[in-house]
Structure formats: structure tokens, C-alpha cells
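To keep things clear, I will list the structure first and then write my remarks on it.
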Amino acid sequence: MFEAEQKKVELQIQEFCKASGLPVCEVKWTWIPFNGQWGIATSFFQLAANSFGQTRGNVAQRANEIASAIADRLSDIGDFEKIEAVNGYLNLYFSTADYSRRVITQVLTEGDRYGHGSRLNQRLMVEFSHPNTHKAFHVGHLRSAFLGDVIARILEAAGYDVIRANYPGDIGLHVIKWLWNYLKYHKGEKPDKDITRWMGAIYAEAVKRLEQDPALEDEIREIYARWDRRDLEVVQCWEETRQWSLDGFKEMYDLLDIRFDRYYFNSMFEEPGKGIVDELLAKGIAEDERESGGAVIVKIDKKLGLKDEKFRVMVVLRSDGTALYATEDLALARQKFLDYPDLVKSYYVVDVRQSLHFQQVFKTLELAGYDWAQRCQHIPYELVNLPGNVVMASREGTVVLLEDLIREATARALDVVKEKNRDLAEENQLEIAKAVGIGAIKYPMLSRESNKVVTFDWETALDFNGQAAPYIQYAYVRANSILRKVDNVIPPENELDYELTGPEITLIDLISRLPEELQKAARDLKPLIITNQAYELARAFNDFYTQCPVLIAEEPQRSTRIRLVAAARQAIANSLATLGITAPQAM
RNA sequence: GCCCUCGUAGCUCAAUGGACAGAGCACCGGACUUCUAAUCCGAUGGUUGUGGGUUCGAAUCCCACCGAGGGCGCCA
């Protein structure tokens, strides 16, 4: 946000270096990390160390000398209120009156675009969620859905054109088992509500029946054979019931405010996948071991001439000639670039257990001569486990269903809403409860590093206090509430001729950082940066709220604070929007 | 056997290689006649798993070890 000032100082520093015979190096800016001190800082340790060359010297002392000399040189620059050299750092404090006015005005002018980067005209694809049809949707599936959605939102905010892709697993052994159980015991039945739960129950029942009587496996094989020869009854049943699952997913995605631009289905890629395998064989990349009872494989390490085992061996076709997941993934990767040849990146938000798999797929495609394979990237994330490191698995029965979590979280939120907003219409109360409940579910999945395991437990998931979405939403609501009292009439920019207090400075400081944090989050693909930023903003606002009266303040303080509240509301709203968390109107 | 990830306060987690390692929860003590107390203020809490190394500077990079989890030719 302060590029112009930074640039100006950078030039001065570089000129100073030249004049003093110091090596020129890049200037990196940070925020001054002390509370209530708003400005930018840079250190000179690297420069000081470089200046010694081969000889040794006191780096800290030298860095401080350089910082002091530069501080002297900059003293007449006029952009800053205070310039100081401390401990090897050069601290440039903003003149709060001018800079505050500038920040607030910019936020209010740009509105819900504040923080967003300008359009880059670069297209990306983010594939995420990929649920299995004919199965339940549980809490373990949420991480990919939330992470993918928010990464897409962040990249959009950073200026990219993003294609949101979903890749449902709509065929496979699990679907065949489901169809068998349905055709044999539930024929003609239809789910009315809670579709996904019902679909999951039919599957769980199938698994149970097969466990109890393994002889039934023959019937499964028969259904599989009928599916293979496109038996009309099986195919029609599959088409109809698959749609039920997709309808159920759509309901959940709508509830969670997650959308997709493009659906790829697992079932679409069997044949194209086999085509790629033929191609790999023709090019001598894959080896056919079926003669000797083996499968079709790619010995990637050998092809690359690697001595160490890194990519290992990938099976691309079963010994019976049928496709497996890897076969289909080869074709899917290609299809994405056929549909969108200009993709700069093709991201896959899939759990960490598939890291090797994706390395194999991408490397094999690269070996096959597809240069776009290098634009494919797996974004791994760790699992959501139950306490005691228990993995959620439908067949083990160790799952928490998404429907149950949402219902529980919403119900708990509704209790509080009803107590605190008695006058509100029930419809509105419910809407708020949904925003709070779902926000509370999303936040903890986004606010930790994705390579860390999330342990799900009810108590934590339903804790609305502290660093959590409701805290941030509440700050938004409080800001909103003040502005409602002035009918949302925001005074025009005015002269700031009084000393800003600590909480005001901290709040403005944090508001001004949003654009940079968004860029950082996009660069590192880390929603965590935004959850932290949103929380810090909310905390600063809550602090401001208790310490700085707005409506009863004297002018010009009153007008300035109303503008600041409006800017804070906007900044909080924009960070929540980037996180896919709804900002409610009341709480 | 090989490969990947993690180890920070009692618990859950933060911290572009840089200033004093910060939050929340829990616990203890305060603050609602004042814009919504789903809030705020204060107190307590640390040899960043261990040992080396690189660097002016390491929770962060490298090596070894210990501990936890995951992956490794026909599951998805």
C-alpha cells in the first residue's frame, strides 16, 4: 500500500551505498513489530556483513552505523513522521494523520475490492473436494472442500482467473456394491431428504452384508460384469442413483457456500486412460508384463536414470486390462489442458497420502512429452482424524457425518442467537445461526498449516470463543451496529488534526496490511495467513471498540472514527469473504 | 529397507533467516446506568524433542539421533 514511499527510500539507500562504496543489495521491508507503532522497517545486517568481505568485524555495530547514516540522509524526505536507527534497523514511522486518511479513504473507495490485486489475465485450475458418489460425506472430506475453496478465493482475489473443478468418484467397486445392495434389497426406494446420509447407509449396509456372508461376493462380481457389458438395468440404475448423490452434494455445497465451474467424472476417463496407456507403450515408456501374468507398468526411476528410489514403479493398467485410478488420472490431467490450453497452473488439492501417486502421474506425462505436465501441482494436506489418531473411514464406522456436525453447530449457535436477539424474526435468527455455525466449522480447518493433522472433537469444533470465526463475525456485527446508528451515512474525508490513540493506530495499521497479506497468501497458497489476518483485525477492532467511543465523541474525532469503523467493517468483511465465511448482520 | 511430514507454554496452534518466540483454551483476579460482555483488561505459564554444524544472526537451513504419523508395481 505504500509502494511509492518504499521505492523512494530504496533509491536513497542505494545511492547511499554507491556513494559509500558499499555493495548494493535488495531492500526488504517489514512492519515495525511493536504495538501501536505504525510504519515500515528494514535491517542492514546483511549489508554490513557483506561490507566486511573476507575480514571479520562487528556486524551489529556496523549495521547500526549504516542505519544511522541513512536515517540522517532521509531526515529531510518529509514522508515520515519519525525516522530512527535502532539495533541495526531503520524504522520509518508514518505520519499518522496523512497516512490514516489515505488508508481509510482507499478502503472506502474500493469497497469489497479492497485488498484485491489487479486482473492478471492468467488462468488457473483448482481441483478439490472430489467426493465419492454412493457414499456418505463426512467431516474428513471437509478439509479438501474448504481448503480448495479458499485457495480458489484467494487466487481470485489476487487477480487470477480461476476454474474450480470437482472430480467425483462416480464408479468403482464401492458403487458396484451399492448397486447390488440397492437392486437386491431396496429396489424402487428413493431418498426424500438427507440424501447423502441415506446413500451412505445403503453402502454401509452392503459392506456389512458382504462381511457377514462372503459368498455374496459372487453376486458382486456378477453386477460388475453386467456393468462392464453395459447391461441396461445396471447402467440406468447407476445413472439415476448417481444423480441422487450429486443432488445431495449440491445441497451441501450450497449450504457451505462452495461452488464449482466444472465437473469431471471418474467414469469419463476409463477409455481415454487406456488410450494414454497404449500411447505410453508405443513410445516405449510403459512396459507390458501381462504375458507373464503381470500388469502394465512404468519404471519411472529407470527411465530417468535415477539410482535412488524416488518415483518407483507406477502400475498404469491391471493385468486383466482394466483401468485403475492411475490410468484415469493420466487422462484427466490431459483433459484439463485440452479444455483450457492456457492454464498457467493445474492444482490438485488432495490429501498427502497421494503425494507419490501424483509425482508418478505428472512425471510419466512429462516423459510422454507433454510439456504441460510441469504445470501440474499437487497441494497436499494432512488428514482430519478422530481423537487417538483414528482415521475416519465409512467402512469402519469411524465417521462424523457432515450433516450431523452442521446441525449440531447451527443448533448451538441458535441457542445463543435467540437469547441475544429476542426481537429478531425466527427466519433471521436461523440465518445468523447458520452463518455462525458453519463459520465456526470452517475456521479451525483453515487456520492451521495444511501439513498438520487436524484432530476432530466435538468440544473444540463447537467452541465459539477465542480465536474462532464467531469472534471475527462479532467484530463485524459491532461495527455494523455503530454504522446503523448513523444510517450508514459515512462522513466525507476531513482534516485529521488530533492525535490518534494507540488502538486507532493499531487498527489502521492492520487494515492497511490486507492487500499485502492477500498477495502472500496467494503466493504461498496458505489460507492460514488470512485466518490470522482476519483474527488480528477483529481483535484490534474489539480493542478499539472498548477504548474509543465513536458516536459520543466530539468533532472532528467523531467523523474520523465513523470513517474508521466503516473501513474496519469493510476490511473484516473482505477477509471473511476470502475465507468463505458469511458476515452476519446481527448476532 | 527406502522416501515424505510433524515435534514450540499444561492443551490446541502461530511466528517472509532478523528486534523481546506470540495467540487461544484451561486456571486465577478484575470490568456491563456508556455505540451489543459471543467483548475487554490484568496475572500465571518457554533451555522451541536431543546433540552437532552453517550464518553477523536459527523455532526456521544442513547432518545425526530420539519420538509420532503417513507412503512405497495391479485400493482409491
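Naming: A, B, ... by sequence-line order, numbering from 1 per chain.
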Could you state the [atom1]-[atom2] distance from [X] to [N], rounded to the nearest angstrom?
| X | N | atom1 | atom2 | result |
| --- | --- | --- | --- | --- |
| A/F44 | B/rC56 | CZ | P | 19 Å |
| A/D463 | B/rA23 | CG | P | 19 Å |
| A/I176 | B/rC75 | CD1 | C1' | 15 Å |
| A/Y476 | B/rU36 | OH | P | 15 Å |
| A/I530 | B/rU16 | CD1 | P | 14 Å |
| A/K526 | B/rA14 | NZ | P | 9 Å |
| A/F45 | B/rC56 | CZ | P | 13 Å |
| A/N64 | B/rA19 | CG | C1' | 11 Å |

Hey, does the side chain of [X] come within less than 4.0 Å of [N]'s phosphate (OP1/OP2), counting only N and O?
| X | N | answer |
| --- | --- | --- |
| A/R318 | B/rC75 | yes |
| A/K452 | B/rU12 | no |
| A/K310 | B/rC4 | no |
| A/N532 | B/rC13 | no |
| A/S481 | B/rU36 | yes |
| A/Y471 | B/rC40 | yes |
| A/N451 | B/rC6 | yes |

Between [options], which nucleotide gets closest to the side-chain atoms of [X]?
| X | options | value |
| --- | --- | --- |
| A/V313 | B/rA23, B/rG69, B/rG73 | B/rG73 |
| A/T546 | B/rA76, B/rC40, B/rG73 | B/rC40 |
| A/Y545 | B/rG73, B/rA68, B/rU36 | B/rU36 |
| A/S319 | B/rC35, B/rC74, B/rU39 | B/rC74 |
| A/A295 | B/rA14, B/rA76, B/rC74 | B/rC74 |

Charged N to carboxylate O below 4.0 Å: is that the case for A/R312 and A/E309?
yes
Electrostatic pair A/E536-A/R539, nearest N-O below 4.0 angstrom
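Salt bridge: yes.
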Regarding B/rC2, can its base be found pairing with the side chain of A/R312 as donor and acceptor, where the two atoms are less than 3.5 Å apart?
yes
Do A/R448 and B/rC13 share a donor-acceptor pair, side chain to base, under 3.5 Å?
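No.
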Quick one: does NZ or CZ of A/R242 land under 6.0 Å from the six-membered ring centre of A/F265, within 45 degrees of the ring axis?
yes
Under 3.5 Å on both distances, the Watson-Crick or G-U partner of B/rU5
B/rA68
Want to settle it: does A/Q46 or A/R353 sit nearer the 5' end of RNA chain B, counting the closest nucleotide to each?
A/Q46
For A/E309 and for A/C548, find the nucleotide of RNA chain B with the closest heavy atom, then tell me which residue's nucleotide is more 5'.
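First, find each residue's nearest nucleotide; the 5'-ward one identifies A/E309.
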Heavy-atom check, side chain of A/N166 versus side chain of A/Y264, under 4.5 Å
no
Any side-chain heavy atom of A/E382 within less than 4.5 Å of one from A/D351?
no
Any donor-acceptor pair under 3.5 Å linking the side-chain atoms of A/Q46 with those of A/N50?
yes
Among all residues two or more places apart in sequence or in another chain, which pass the ring-ring contact (aromatic ring centres under 6.0 Å, His included) test with A/Y545?
none
Regarding A/A586, tell me which of base, sugar-phosphate or nothing describes its non-hydrogen contacts under 4.0 Å with the strands shown.
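The answer is base, as A/A586 lies within the cut-off (heavy atoms under 4.0 Å) of a base atom.
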Pick one for B/rG24: is it syn, with its angle within 90° of 0, or anti?
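You should classify B/rG24 as anti.
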State the syn/anti category of B/rC32 according to its glycosidic angle, syn meaning within 90° of 0.
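Judged by the O4'-C1' to base torsion, B/rC32 sits in syn, the angle falling within 90° of 0.
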